[in-house]
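Following: one structure in structure tokens, then a few remarks.
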Amino acid sequence: MSATRTPAVADPLVVPAGTTAADAVAAAGLPTTGPKAIVVVRDAAGRLRDLDWRPELDTDVAPVAIDEPDGLNVLRHSAAHVLAQAVQDVFPEAKLGIGPPIENGFYYDFDVPKPFQPEDLTKLEKRMQEIVKAGQTFRRREYKSLDEAKVELAGEPYKLELVDIKGDVDDTELATVGAGELTHYDNLDKEGKRVWGDLCRGPHLPTTRLIPAFKLMRSAAAYWRGSEKNPQLQRIYGTAWPSRDELKAYLNRLAEAERRDHRKLGTELDLFSFPDEIGSGLVVFHPKGGIIKREMEDYVRARHIEEGFQYVSSPHITKEGLFHTSGHLPYYKDTMFPPMQLEGADYYLKAMNCPMHNLIFRSRGRSYRELPLRFFEFGTVYRYEKSGVVHGLTRVRGLTQDDSHSYVTKEQAPAEIKHLLNFVRSLLDDFGLDDYYLELSTRDPKSDKFIGTDEQWAVATKVLEDVATESGLELVLDPGGAAFYGPKISVQAKDAIGRTWQMSTIQYDFNQPARFGLEFQAADGTRQEPVMIHSAKFGSIERFFGVLVEHYAGAFPAWLAPVQVVGIPIRDDHADYLTSFVEKLRAAGVRAEVDYSDDRMQKKIRTAQQQKIPFMAIAGDDDVAAGTVSFRYRDGSQRNGVSVDEAVAHVVEIVRSRTNVGPSAAA
RNA sequence: GCCGCCUUAGCUCAGUCGGCUAGAGCGACGCACUCGUAAUGCGUAGGUCGACGGUUCGAUUCCGUCAGGCGGCUCCA
């Protein structure tokens, strides 16, 4: 970030022919232990090499420290090997799957007769500590032939499978087998005796001693090679760091994420619940959650109207024919609630709103003069998410989209998409969400899930890509992730636990207009087909709500807070004074109340603090006499003796400004 | 949907190695107190121990099925 800071680029090293990289690292005086230890080197081709690598010619390499991204991967991959060794020590019958490094840690998959129990993890962690302390060295060994590998790996059926499919594997599996040669890493004890080994591309740490801090996090099942059709293996997740402090910091981040979890805060702040009686993934918003939801809806409705959208409305159920026309049914029948049979017709709960909007478009003749024609509604849709995937507000079975469809000419499409992207960005800004990137989902040309011609897809994808690129935002490609009817740009926002959630979407659709026979009369009198652009700004109101809760850890900005001001009388007889103050606030549209409970005022402050109310207005004898109130803000700062009129104006100003910071005495 | 774990009061959690009236804190309610910046004191109510079935003289406890939750996997228009 800072322009003055010089990046710590390690000086290049030369490894003289016939010596090891470790020798060169030592000769250069670079650290070989501790949180900055050099653990591997990168050769000119960018390939990472073990420190005991011995080039045949003098070779330039760059040292890689344990705290760099590549170094962390080496650390974590080595930790995965230590885990695998520990598992096979404790459970000799365990068969090995794969064990790659991942963000913040690593995992390893095992085929074991009995799933791991939490106590097993403790046992394994202990065994891992012993292995780390034993200072085993990792030694690379190349197999001369496939057959040699197969003989040695005869007892490891999954490894054998990897050897067989070598050359046609994804990156994760490449981490295990590698491209080109087939290699194995042995763990040697102090006497040089082989104690364990694994088919692996490497590279690895020179010794297990360089794993300073790790922890096993959880075990879970995972399908072998990621396919539902394969057997499930038992996966153990761990985390590993270059120092104990970094491990601690990571665990603290997880704890903080847990504190911000919207499911927990939703209960504590009385925002929403998921009654069992209604069903999994079906939310009810309580009054306080309802206020936030309504603020969101009011905001987005007003914004849509400002942006040229017309507010429409459509029913929750429809006869199935509509979804045949749109083309959705064959694709999404499995994830829709099953139909209701009534008077000879099948009715479905809708899982999408676009077909209904198409009918509004088609309800009369349309002229080019009407385009872009923009419809918007809060469309509540129902999707039968599989039972294992339902998750708080972020993955539900009934959700409301702020769904819009823009009908435009082909020529108008780029400008409309740009318009929508700007709309979305200003909305995210207004809600204070800043951690997001764009994703471009395109079709998989090999799949038959996608309809339309190559050219149509190419045109649509190009339009989206151009707008996305022009925006200057980080753009990630998502091949194969498009809807069957067209590509999409989505905004992926990060939640407190680092998961990314799809929020806003913009989709280019050339299929549905044709399927519905949509047309408009052009300037030259011909009838032409519009393009439709689907877009949801919040995406799902429920999901956006959930992400907001986590983003603010429940401490909503004043304009969104369910209760904006609470009056706290110091004695009961100050309550009337505060009541008249609160009435003034209410008259100005502020959500304010007085805490009339018979708690002591300290307790009332504590309660307001726990409810994360932005303004506390306290009044006692002094304030009553002076015609003032004393603010205590959510951050603990305070401002005493503010005259009533000034206090009302102050709150009103902050609420109306829709600022997402504070309030605080400092501001 | 798959694998594992879990489900006791509104919330957070004890507890019962199968046996008398299942406990606590917070919250709620009541009474007393009337206090200047994060918990005043006392008291009261609140649970068919997730549901159904089985084993047993006896089940909240053991077994099974289902529902719901949690962590992953797969999926996510």
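Every chain is numbered from 1, with letters handed out A, B, ... down the list of sequences.
Comparing the C1' positions of B/C62 and B/U56 gives an interatomic distance of 10 Å, to the nearest angstrom.
Between A/Glu119 and A/Lys123 no salt bridge is recorded (no basic side-chain N to carboxylate O distance below 4.0 Å). Classification of A/Glu256 and A/Arg259 as a salt-bridged pair holds, one side-chain N sitting under 4.0 Å from a carboxylate O.
When rounded to the nearest whole Å, the span between CE of A/Met356 and P of B/A77 equals 20 Å. As rounded to whole Å, 12 Å separates atom C1' of B/C42 from atom CG of A/Asp598. The nearest whole Å value for the distance from the CG atom in A/Asp599 to the C1' atom in B/U37 is 15 Å. Atom NZ in A/Lys264 sits roughly 16 Å away from atom C1' in B/G10 (whole-Å rounding). Taking atom CE of residue A/Met601 and atom P of nucleotide B/A39, one finds them 11 Å apart after rounding to whole Å.
Looking at which nucleotide of RNA chain B each of A/Gly481 and A/Gly281 is closest to, the 5′-most match is held by A/Gly281. Nucleotides of RNA chain B nearest to A/Asp276 and A/Asp573 differ in position, and the one nearer the 5' end is that of A/Asp573.
Note on ring orientation: taking the six-membered ring where Trp is involved, the planes of A/Tyr382 and A/His316 are tilted (angle from 30° to 60°).
Note on A/Arg235: only backbone sugar-phosphate atoms sit closer than 4.0 angstrom, heavy atoms only; bases stay farther off. In this structure, A/Tyr332 reaches the bases: a heavy-atom distance under 4.0 Å links it to at least one base atom across the strands shown. Within 4.0 Å of A/Phe274, counting heavy atoms only, lies no atom of the nucleic acid at all. Contact annotation for A/Lys603: backbone-only contact, meaning every heavy-atom pair under 4.0 Å involves sugar-phosphate atoms and none involves a base. Contact annotation for A/Arg600: base contact, defined as any heavy-atom pair under 4.0 Å involving a base atom. Nucleic acid contact for A/Phe484: none, since no nucleic acid atom lies under 4.0 Å from a heavy atom of the residue.
Pairing for B/A9 is absent, judged as Watson-Crick or G-U wobble with the two contacts each under 3.5 Å.
Remark: side-chain polar atoms of A/Arg515 are paired, donor with acceptor, to backbone N or O of A/Thr325 under 3.5 angstrom.
A stacking contact between A/Tyr485 and B/A77 is absent: the pair does not combine a ring-centre distance of less than 5.5 Å to the base's six-membered ring with planes differing by less than 30°.
Scanning atom types as modelled, one donor and one acceptor separated by under 3.5 angstrom connect the side chain of A/Arg395 and the base of B/C76. You'll find a donor-acceptor pair under 3.5 Å spanning the side chain of A/Thr335 and the base of B/A77, going by distance alone.
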